[in-house]
Asker: 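This is the structure I want to talk about, given as structure tokens.
Source: prediction; values computed, not measured. The first residue in the sequence is number 1, and the count goes up from there.
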Amino acid sequence: MGPSALSLFPKFRDMFPLRSIVTVETVAYWALCCHLFLIGLEFDMSVIENLTRTSKKAIHIAIAGVLIPFIMGIGLFFFMNQVPGGEYNPTGCVYIGLSLAVTGYPIVARVLNDVKLLHSDIGRMAMSASLVTDLISWILVIIGIAFSNQTSGGASVAVLSTVGFALFCIFVVRPALAIIISKTSKENDYSENYLCFVLVAISAFAVVTDILGTNSVVGAFIFGFIMPNRILAAAFLDKFEDFVTGYLLPLFFTICGIRIDIWSLFDKKAHLAIGSVVVVLSCSAKILSTLLVSYYENVPTRDGFSLGIVLNTKGILAILILQLGNSGEFLNKRDYTVMAIAILLMTGVVAPVTASIYRPAKHLSNYKRRTIQKGRQGGELRILACFQNFRNVSGMISLIDSSNATRESPLNVFALHVLELTGRASAMLIVHSTGGKSSGYSRHGRKNSQSEKIVTALETYQTLNDNVNIHALTSMSPHASMHEDICSLAEEKHTALLVIPFHKLPSKDGKLEAEDNTSFRGVNLNVLANAPCSVGIFVDRGFGVSDNGESSLTMRQILMLFVGGPDDREALAYAWRMGGTEGISLTVVRFLPGDQVEEIQPKDLLPVGEAHKINRKLDDEYVNEFRLKTAGEQFVSYQERVVNNDEEIVLALQEMHHTYDLYVVGRGEGIVSPLTESLADWCEYPELGPLGDLLITSSFAQGSVLVVQQYVGSKDGISIADMLSADNSTSHGSHHFSSWEHSSLEDGGLEMEPFAHHKGKQDVDA
């Protein structure tokens, strides 16, 4: 709409006269104040505390990333205005320097989350450095704008008075607001009049800081920052944020765009050449400063370059600085245009360049113990246990307690509380320390928050068991991408088992709630499809808790149902480990097909029959190994039941009058079994598999259920390594594999769907 395009035409200029632009500009600046209020509203006080734990490398990178670009910006300003005949205000160098020095912390977090680097080492360093940079930048902006608008004496008074006003708001206004809110609300039920009060207060605080000599946005930020009730703050974010960021704030960017005049660079030939050089040098300022510090701190060059690219990310603060410089006539339209183009360019290339350097989707870690079965027996077991709600804690702790943690075979548990993201710009991961403190959690400021309760319960359990090492974390992300955070954390921590709670929460009577949490069910399905290790879905119906709701001290009865396939072998591996726990009685029941069972007849695909035979051989080998090594153990028993169909499986389960506390079953994904084929057709919850779905929907099974899916490293139902090892031990030698290959080629390619199981990377040596 500006002089770069449409305003070149007189008729268009007549449609939007100057007085209408001024009105829009007024609304735009008020929208900017509302946006800064929201930033202050969601500002986490613990961020300040985290600065004391920020690494020296990140601090050095941040300081260099502010000072060097600031100095370069001052030099570039005078370089741009060296053409004879041009008029310029020397004070404008402050605005150019500040626009290059700042980094948009919220935008950095969003970009890193989009390219899946937020929780990586480079992501954590970038977040720490950008946080320090952002805080330094705000201080410099307040001081710089005050000094540019007034004399040195008046600027000092403006800065000191603004600091005094901020302290007054924190120590006087904030407690007063807390008293008013507590007197006018009941049990977190707030009147709609609060919103009207907030809108008026934003304008009032903005006017005060404007009068004091800094800028109106500072007052709006202070008002959001001092909001005492974080539950009320979250309510404001839910009601107000979409309207401000989606409707009002674009007006501010529109005003900024209208001021850009591309044609001003073509007034003289030198202007275009100088402008191009300035754009290139502006984009390089942060990168060069970060590379210098990275070399000094022995940071790899690739990481240093990536940090510079990421820290080049500009937010609304950089645009605001240019806008203030232009409106205050410190920057002419040519300077403004060049710097606006530079900011758009350096911010726009951050995500694609960073993603091309790291390609996180293709750089999976090559840890080998992704399953319990393939892990070393008697060795350390690493588990990622997810918590949807505090009601998951009791059952999950009982499951961990039943996992046979010993000095020779300890448990390393990463307890992750997953929260839906609301009111934040980007996802975040919080690591809780053992002392109950966290690296940044005060989301709503509630003393009895869900995460704090979960962490306290886990710490209490850890003090009672020296062989269990628990690392508590909290992840906040949208449901749509929550599985990505879970899977990336499992990959980073090299876990062998990822346990996620069933989407239906347990009720007080030990049953499941009738209401479905469809969003979290979608998270579970995505985790099953993308997990880098074995997955267990835990359906808690009061595991480890007696009828009166207290912890049960009696022997826990566990039943493992084995039908066949990789998932059942993984379930048996975990149940086998649990069977060694003191106070655990394990019963393994294997269902064998009877004479009336029809063998699987592949329609047009030979590998289905081959996979069934090889799976049966692998099942026999692993079950025999289990029986051999557990022979003579008092509380481990093994039974075999011959059945011909799913109805006989149901009857066999009904005949087991013993009340079991936990059923452990395999999901059976990708395995075509004639014993459970009909059950699979009637599954209400396919993510639990035929047996898991049967156990939680039937009346005869009252215990909790753990459904296990084995990570196999490929989309096959069994890994190629298992197929080759089993096939080579048969009398047919390699005939099966070669006949499979030839028949597949003749049919136009091998179809993997009949035993498709899991996405992942094959960990097999050629």
Side-chain angles (χ1 to χ4, degrees), residues 116 119-120 360-375 381-388 392 396 399-400 403 412-418 427 429 471 473 475 477 479-503 519-539 565-571 573-574 664-671 685-689 692 705-719 752 755-764:
K116 306 296 178 267
H119 302 147
S120 64
K362 296 185 179 181
H363 282 77
L364 299 176
S365 58
N366 292 321
Y367 75 95
K368 296 182 179 180
R369 294 175 183 172
R370 297 174 182 263
T371 69
I372 302 175
Q373 182 189 355
K374 298 296 184 182
L381 177 60
R382 303 171 74 88
I383 298 176
L384 174 59
C386 298
F387 298 83
Q388 173 192 357
N392 298 132
M396 198 70 77
L399 186 67
I400 294 170
S403 299
N412 220 338
V413 179
F414 300 91
L416 180 66
H417 180 207
V418 289
L429 178 71
H471 311 268
L473 308 99
S475 173
S477 56
H479 278 139
S481 61
M482 190 175 287
H483 68 282
E484 297 175 354
D485 294 335
I486 295 173
C487 294
S488 63
L489 185 62
E491 182 86 30
E492 180 184 343
K493 302 303 181 182
H494 293 189
T495 58
L497 180 64
L498 195 168
V499 183
I500 48 179
F502 190 52
H503 64 275
S519 297
F520 200 80
R521 185 184 184 187
V523 173
N524 287 352
L525 291 171
N526 286 328
V527 169
L528 287 170
N530 298 281
C533 61
S534 294
V535 181
I537 297 183
F538 182 44
V539 185
D567 291 349
D568 284 39
R569 293 195 293 273
E570 185 72 1
Y574 187 50
V664 182
V665 298
R667 187 184 177 209
E669 177 70 6
I671 297 299
Y685 304 106
E687 64 268 31
L688 300 180
V705 180
L706 178 66
V707 180
V708 180
Q709 171 183 282
Q710 184 183 61
Y711 175 84
V712 294
S714 68
K715 290 194 71 175
D716 307 353
I718 56 178
S719 68
M752 307 302 289
F755 48 102
H757 188 57
H758 180 66
K759 299 176 182 178
K761 185 178 180 182
Q762 184 69 39
D763 286 331
V764 177

Asker: For a quick test of reading the model, state the closest non-hydrogen atom pair linking Val707 to Gly692 and the distance between them.
Answerer: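 Between these two residues, the closest heavy atoms are CG2-CA, 4.1 Å.
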Asker: For the atom pair OG (Ser534) and CD (Gln710), what is the distance rounded to the nearest 0.5 Å?
Answerer: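 Those atoms lie 5.5 Å apart.
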Asker: Can you name the closest pair of heavy atoms from Ala496 and Leu381 and give their distance?
Answerer: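 Heavy atoms of Ala496 and Leu381 come nearest at CB-CD1, 3.9 Å.
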Asker: Just how far is it from atom CG of Leu489 to atom SG of Cys386, taken to the nearest 0.5 Å?
Answerer: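 It is 8.0 Å, given to the nearest 0.5 Å.
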Asker: Using 4.0 Å as the upper bound for N to carboxylate O, is an ion pair formed by Arg370 and Glu491?
Answerer: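 Yes, Glu491 and Arg370 are salt-bridged.
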Asker: Look up atom CG in Leu497 and atom CG in Leu399, then write down how far apart they are to the nearest 0.5 Å.
Answerer: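 Reported value, rounded in 0.5 Å steps: 8.0 Å.
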Asker: Roughly how far, to the nearest 0.5 Å, is CD1 of Ile383 from OG of Ser403?
Answerer: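 Going from the OG atom of Ser403 to the CD1 atom of Ile383 covers 4.5 Å.
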Asker: Quick one: pull up SG in Cys487 and CG in Leu528 and give me the separation to the nearest 0.5 Å.
Answerer: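 Reported value, rounded in 0.5 Å steps: 9.0 Å.
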Asker: Sequence neighbours excluded, which residues qualify as ring-ring contact (aromatic ring centres under 6.0 Å, His included) partners of Phe387?
Answerer: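 In terms of ring-ring contact (aromatic ring centres under 6.0 Å, His included), with neighbours along the sequence ignored, Phe387 is linked to no residue.
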Asker: Partners of His479 by ring-ring contact (aromatic ring centres under 6.0 Å, His included), sequence neighbours excluded?
Answerer: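 Testing His479 for ring-ring contact (aromatic ring centres under 6.0 Å, His included), a comparison that skips the adjacent residues, returns none.
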Asker: For the pair Glu570 (side chain) and Gln373 (backbone), establish whether a donor and an acceptor sit closer than 3.5 Å, ignoring hydrogens and angles.
Answerer: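 Yes, Glu570 side chain to Gln373 backbone: donor-acceptor pair under 3.5 Å.
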Asker: For Gln388, enumerate each residue passing the side-chain contact (heavy atoms from CB on, under 4.5 Å) test, keeping only those at least two apart in sequence or located in another chain.
Answerer: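 Result, side-chain contact (heavy atoms from CB on, under 4.5 Å) vs Gln388: Asn392, Pro501, Leu505, Asn517, Phe520.
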Asker: Measuring only between side-chain heavy atoms, which start at C-beta, is Val539 closer than 4.5 Å to Leu688?
Answerer: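 They are in contact (side-chain heavy atoms under 4.5 Å apart), so the answer is yes.
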Asker: Would you mind reporting whether Ile486 and Val523 have side-chain heavy atoms less than 4.5 Å apart?
Answerer: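 The answer is yes, as the side chains (C-beta and beyond) meet within the 4.5 Å cut-off.
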Asker: What verdict does the side-chain contact (heavy atoms from CB on, under 4.5 Å) test give for Tyr574 and Leu706, after you've listed the backbone C-alpha separation in whole Å, the side-chain angles of each residue and the deciding distance to 0.1 Å?
Answerer: CA-CA 10 Å; Tyr574 187 50; Leu706 178 66; 3.4 Å; yes
Asker: So which heavy atom on Asn526 is nearest to which on Asn530, and how close?
Answerer: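 Residues Asn526 and Asn530, closest heavy atoms: O-ND2, 2.8 Å.
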Asker: Please examine the side chains of Asp567 and Val708, heavy atoms only from C-beta on, and report whether any two atoms are closer than 4.5 Å.
Answerer: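 Val708 vs Asp567: side chains apart.
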Asker: Applying the side-chain hydrogen bond (donor to acceptor under 3.5 Å, both in side chains) test to Asn412, which of His494, His471, Lys493 qualifies?
Answerer: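 Going through His494, His471, Lys493 one by one, the side-chain hydrogen bond (donor to acceptor under 3.5 Å, both in side chains) with Asn412 is satisfied by His471 alone.
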Asker: For Glu687 and Ile537, work out which heavy atoms get closest and say how close.
Answerer: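 In this case the closest contact between Glu687 and Ile537 is O-CD1, 3.7 Å.
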Asker: Give, for atom OH of Tyr685 and atom CG of Asn524, the distance between the pair rounded to the nearest 0.5 Å.
Answerer: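 The OH atom of Tyr685 sits 12.5 Å away from the CG atom of Asn524.
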Asker: What are the two closest non-hydrogen atoms of Phe414 and Thr495, and how far apart are they?
Answerer: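 In terms of heavy atoms, the two residues are closest at CD1-CG2, 4.0 Å.
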Asker: Which heavy atom of Val413 sits nearest to which heavy atom of Ala385, and what is that distance?
Answerer: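 It is CG1-CB, 4.3 Å.
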Asker: Between Val527 and Leu498, does a side-chain contact (heavy atoms from CB on, under 4.5 Å) hold up when you go through it step by step?
Answerer: CA-CA 9 Å; Val527 169; Leu498 195 168; 4.1 Å; yes
